[in-house]
Structure formats: structure tokens, C-alpha cells
Participant: 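Have a look at this one before I ask anything.
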Amino acid sequence: MNFSDNFFKKVEKKTSVDKDTILSLADKLQKNNLKDEATLREVIQELSKMTGRVVDKDKEDKIINAVKNDKVPKDIDKFI
């Protein structure tokens, strides 16, 4: 999946997370099983720390269920 620099600039502007950090996290995700709940929780907590946004247990559970049930939109660019 190739993202333009414009995509990374939008993400960085909204989250203060730089391109290298995003690519590092993406690499980690590619090497792990996204259906594994422990991996998903670790990634969510890492993103929470990076962005300075609190993700409560209920929201974390909803995110995990969405990912495990393939309910995550494929066009991520629309969210930015």
C-alpha cells in the first residue's frame, strides 16, 4: 500500500505523529496477526501514547471487534 507524502502530512498535522513512526508501526502490524487480540491491544495502546489521546476500555473493545470482524474501511485517506 503506497501512501503519498500528502497523506503523511495530514496525519502528522492531526496527530503529531511523524512519517517514520507511522511507517515503523505499519511494519510492526504487517509482521503480526491483526486478528490477535493481544497484538491489537498493544497497537492501540501504543497509538494512544503517541497521539496523547486516551482510549478507554470500551472504545478499545469496539476497535478490536471492528478489526477482527473486517469492519474497518479500506480507504483510510477519507478519515484524514
Participant: State which residues pass side-chain contact (heavy atoms from CB on, under 4.5 Å) with Asp20; sequence neighbours excluded, sorted by chain then number.
Facilitator: Asp18
Participant: State the NZ-CD1 distance between Lys62 and Ile44, to the nearest 0.5 angstrom.
Facilitator: 13.0 Å
Participant: Partners of Glu12 by salt bridge (Lys or Arg N to Asp or Glu O under 4.0 Å), sequence neighbours excluded?
Facilitator: none
Participant: Residues two or more places apart in sequence or in another chain: which of them pass side chain to side chain donor-acceptor pair (under 3.5 Å) with Gln45?
Facilitator: none
Participant: Show me, pair by pair, the donor-acceptor contacts under 3.5 angstrom made by side chains of residues 50-58, not counting sequence neighbours?
Facilitator:
| from | atom 1 | to | atom 2 | distance (Å) |
| --- | --- | --- | --- | --- |
| Thr51 | OG1 | Leu47 | O | 2.9 |
| Thr51 | OG1 | Ser48 | O | 3.4 |
| Thr51 | OG1 | Arg53 | N | 3.4 |
| Asp56 | OD1 | Asp58 | N | 3.2 |
| Asp56 | OD1 | Lys59 | N | 2.7 |
| Lys57 | NZ | Asp61 | OD1 | 3.1 |

Participant: So which atom in Val11 and which in Ile22 form the shortest heavy-atom distance, rounded to 0.1 Å?
Facilitator: CG1-CD1, 3.4 Å
Participant: Check side chain to side chain donor-acceptor pair (under 3.5 Å) between Asn69 and all other residues, then give those that pass, not counting sequence neighbours.
Facilitator: none
Participant: Run the side-chain contact (heavy atoms from CB on, under 4.5 Å) test against Leu40 and tell me which residues pass, sequence neighbours left out.
Facilitator: Leu34, Ile64, Val67, Lys68
